[in-house]
Every structure is written in structure tokens, then in C-alpha cells.
Peer 1: 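The structure is given below, and queries will be raised subsequently.
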Amino acid sequence: MTKSAAPKRHLPTSPFKAPVTPAPKHFAMGDQVTHDMYGLGRVVGVEDGNAVLVDFGSTQMRILSPYAKMTKL
């Protein structure tokens with residue numbers, strides 16, 4: 001005889017199972033940013049929320065949205 005566990009009940013007000021949607025990141029000209037791969041940089045161009053052009057000193061990179069590896073300082 002095998003017992004199957006009853007499905008867990010999730011309350012809609014529970015903070016543990018609430019779906020987390022990260023806020024979209026917005027960058028402006030001149031913002032200082034850090035990137036996991038390229039390091040410190042400054043935003044030198046913005047393309048309608050789809051991409052930003054960042055000057056990292058030795059190179060300029062076009063970083064596409066959702067900017068997972070980049071944060072504003």
C-alpha cells in the first residue's frame with residue numbers, strides 16, 4: 001500500500017510562492033554602470049529601452065535589454 005502525499009496548498013498572500021517579476025531596468029545618458037563581464041563603464045547612448053551603448057574605457061559595447069549582467073551604480 002502506497003500513500004501519495006496530498007498536494008501542498010498555496011495561499012495567494014504567501015510571500016514564498018509569489019511570482020517575482022523584476023522591475024525593468026532603465027538607463028540614461030551619463031549613468032555609471034557595472035557589468036559582470038566588462039567591468040565599470042558609462043552609458044553614452046540609449047536606444048528606446050532595447051539597448052544601451054556603454055563606454056568601458058578600452059572599448060564600447062552595445063548591451064541589449066534585459067540587462068541581466070549590468071547594474072546601475
Side-chain angles (χ1 to χ4, degrees):
M1 179 168 114
T2 59
K3 282 188 170 182
S4 62
K8 292 184 179 182
R9 190 176 77 159
H10 300 290
L11 299 174
T13 57
S14 172
F16 300 107
K17 293 295 180 179
V20 177
T21 55
K25 295 181 183 178
H26 297 285
F27 297 100
M29 294 284 291
D31 284 349
Q32 281 192 323
V33 296
T34 182
H35 192 277
D36 289 351
M37 185 180 289
Y38 304 113
L40 295 174
R42 184 172 300 273
V43 176
V44 294
V46 178
E47 299 177 10
D48 293 333
N50 296 329
V52 292
L53 183 63
V54 182
D55 182 12
F56 291 104
S58 61
T59 185
Q60 286 190 355
M61 297 297 297
R62 184 172 178 257
I63 310 295
L64 299 174
S65 180
Y67 318 115
K69 296 182 178 183
M70 190 166 72
T71 56
K72 186 175 175 179
L73 298 177

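Each residue takes its place number in the sequence, starting with 1.
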Peer 1: Please identify which of these residues, Val33, Ile63, Leu64, meets the side-chain contact (heavy atoms from CB on, under 4.5 Å) condition with Val52.
Peer 2: Ile63
Peer 1: Shortest non-hydrogen contact from Phe27 to Thr71?
Peer 2: CE2-C, 4.3 Å
Peer 1: Scan residues 26-45 for pairs that pass salt bridge (Lys or Arg N to Asp or Glu O under 4.0 Å), counting only residues two or more places apart or in two chains.
Peer 2: Asp31-Lys72
Peer 1: With Tyr38, which residues qualify under ring pair (Phe, Tyr, Trp, His ring centres under 6.0 Å), at least two apart?
Peer 2: His35, Phe56
Peer 1: Can you give the donor-acceptor pairs under 3.5 Å from side chains of residues 43-50 to other protein atoms, not counting sequence neighbours?
Peer 2:
{"residue": "Glu47", "atom": "OE1", "partner": "Arg62", "partner atom": "NE", "Å": "3.2"}
{"residue": "Glu47", "atom": "OE1", "partner": "Arg62", "partner atom": "NH2", "Å": "2.9"}
{"residue": "Glu47", "atom": "OE2", "partner": "Arg62", "partner atom": "NE", "Å": "3.2"}

